[in-house]
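Worksheet: one structure, shown below.
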Number of protein chains: 2
Amino acid sequence: MAKEAKDNSTEEKIKNAARRIFQQKGYAGTRTRDIAEEAGINLALLNYYFRSKERLFDLIMTESLEEFFRSLRSVFDDPSTDFEEKIRRIVENYIDKLTANPNLPIFILSELRNHPEELIKKTGVKKVFLNSVFIQQLEDEIAAKRVKPIKSLHFIMNMLGMTVFPFIASPMIKGMGNIDQTEFENLMQERKTLIPVWIKMILTS
Amino acid sequence: MAKEAKDNSTEEKIKNAARRIFQQKGYAGTRTRDIAEEAGINLALLNYYFRSKERLFDLIMTESLEEFFRSLRSVFDDPSTDFEEKIRRIVENYIDKLTANPNLPIFILSELRNHPEELIKKTGVKKVFLNSVFIQQLEDEIAAKRVKPIKSLHFIMNMLGMTVFPFIASPMIKGMGNIDQTEFENLMQERKTLIPVWIKMILTS
DNA sequence: GTCTATAACGTGATAGAC
DNA sequence: GTCTATCACGTTATAGAC
């Protein structure tokens with residue numbers, strides 16, 4: 001073997017630790033010592049590889065955004081699926097990603113509070129949504145009177161609200177329903193099929 | 001005048017400054033010096049009145065939770081309004097409160113990440129929701145077959161998701177739609193009447 | 001590349017004059 | 001009650017040996 005597996009290199013170990021802790025505690029709440037300990041390395045190595053806490057954070061944030069929006073963009077702009085199929089895929093995609101990584105949305109949205117303009121740019125969020133095939137298909141459905149008129153932003157807020165909000169509020173939801181993590185995840189699996197049905201009801205009834 | 005107006009007392013000035021900054025930057029991201037400056041007083045006074053950053057934070061958090069859940073609880077448990085009326089009032093109540101205080105949900109939910117158990121207790125969230133008149137009315141509607149069966153938690157996630165999520169994600173929403181704060185608030189006003197209609201569609205169509 | 005030791009700095013908190 | 005000055009400590013970052 002000429003090289004180590006990427007995941008075991010020191011650099012990757014630090015990045016993985018940093019990702020976990022930054023996403024859980026946010027930038028200000030994270031100490032570089034925690035990252036070093038989580039990575040099983042010495043604190044000095046963090047600065048050796050990444051120069052500073054801030055640069056490491058920017059790297060993690062950029063990768064998180066990139067990784068999260070890339071797959072969504074591919075669904076939004078897939079010309080080979082119709083409107084309803086896209087809804088199903090988007091909901092499924094989000095629920096799978098957030099089940100695997102429940103802290104991601106609140107991490108992104110918390111940090112967004114403090115650096116809105118700059119992070120919005122990085123997400124490329126305008127291109128992903130406003131000019132997407134998906135939104136065009138929604139407008140086509142409305143024009144053809146196959147669905148009732150609705151503003152694109154209202155539609156998006158409904159779909160993302162129903163899908164993403166439960167993850168953001170999961171401690172609250174679990175408290176309200178007296179359920180544990182497993183039961184919560186089961187509910188979210190149910191929502192994969194329920195949300196597209198509900199959205200269709202909103203658009204047609 | 002025997003007493004100063006409450007809002008102008010030094011103690012209140014510090015509390016108001018602390019509320020603004022804690023809610024915007026979170027506990028870890030806030031420096032006591034920022035609070036002092038925002039309040040227009042000296043740093044030492046903060047400790048004179050509130051003993052420590054942590055005690056001041058606990059006070060702000062407790063009051064934020066209390067203030068936020070008290071009015072909701074009164075709607076959830078009002079025996080004089082029917083099911084549909086409660087939906088309208090809850091949505092309206094949330095949208096009004098969050099329009100006035102948009103940082104509140106992400107503040108609470110971010111800090112909840114780090115102290116779930118303890119904050120859940122303070123909210124009294126179990127009593128507010130699970131045993132509320134509102135949820136009982138939902139179950140009655142289902143039993144009487146006036147609405148289709150739906151799990152209470154799914155129902156709550158939908159209602160809160162549609163209502164609260166846009167505020168949490170507002171920088172993202174504004175970026176997506178290329179809209180400013182005023183247009184965003186107009187959309188939220190529209191949602192006051194739209195969301196109850198959408199929820200009804202989900203329950204009956 | 002990796003470590004130990006430490007410098008440099010920021011932040012929460014307090015002492016003490018007024 | 002309010003201020004200035006300062007302490008005590010924790011954290012980021014670096015120097016330097018290996």
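Here the structure is a predicted model, which means the values were calculated and not measured. Chain naming here is simple, since letters A, B, ... match the order of the sequence lines and numbering starts at 1 in each.
Protein atom NZ of K13(A) is 11 Å distant from nucleotide atom C1' of dT2(C), rounded to whole Å. Distance CG (L46(B)) to P (dC3(D)): 12 Å, rounded to an integer number of Å. E54(A) has its CD atom 18 Å from the P atom of dT11(D), to the nearest Å. Taking atom CZ on F57(A) and atom P on dT11(D), their separation rounds to 18 Å, with Å as the unit. Across the protein-nucleic acid pair, F50(B) atom CZ and dA13(C) atom P stand 13 Å apart, rounded to whole Å. Atom C1' of nucleotide dC3(D) and atom CD of E37(B) are separated by 16 Å, given to the nearest angstrom. Going from atom CG of N8(A) over to atom C1' of dG1(C) covers 16 Å, rounded to whole Å. What separates OH of Y49(A) from P of dT14(D) is a distance of 17 Å, to the nearest Å.
Checked against dG1(C), dT11(D), dG12(C), the side chain of T32(B) finds its nearest nucleotide in dG12(C). Considering only side-chain atoms of K53(B), the nucleotide from dT2(D), dT11(D), dG12(C) that sits closest is dG12(C).
For N8(B) and E12(B), the side-chain atoms include no donor-acceptor pair closer than 3.5 Å.
Of the inter-residue distances, the one linking S64(A) atom OG with R19(A) atom CZ reads 6.5 Å to the nearest 0.5 angstrom.
Geometrically, K86(B) does not engage F134(B) in a cation-pi contact, judged by NZ or CZ lying under 6.0 Å from the ring centre and within 45° of the ring axis. Taking the centre and axis of the six-membered ring of Y27(B), the NZ or CZ atom of K53(B) falls inside the cone set by 45° and 6.0 Å.
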Run the numbers on D140(B) and Q136(B) for side chain to side chain donor-acceptor pair (under 3.5 Å), then give the verdict. CA-CA 6 Å; D140(B) 291 347; Q136(B) 187 55 52; 3.1 Å; yes
Nucleotide N/O to protein N/O under 3.5 Å, stretch nucleotides 14-18 of chain C:
none

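You'll find the side chain of E38(B) reaches within 4.5 Å of the side chain of R20(B), heavy atoms only.
Side-chain atoms of E185(A) do not come within 3.5 Å of backbone N or O of T182(A) as any donor-acceptor pair.
Evaluation of atom-type donor-acceptor distances gives a pair under 3.5 Å for the side chain of R33(B) against the base of dG12(C).
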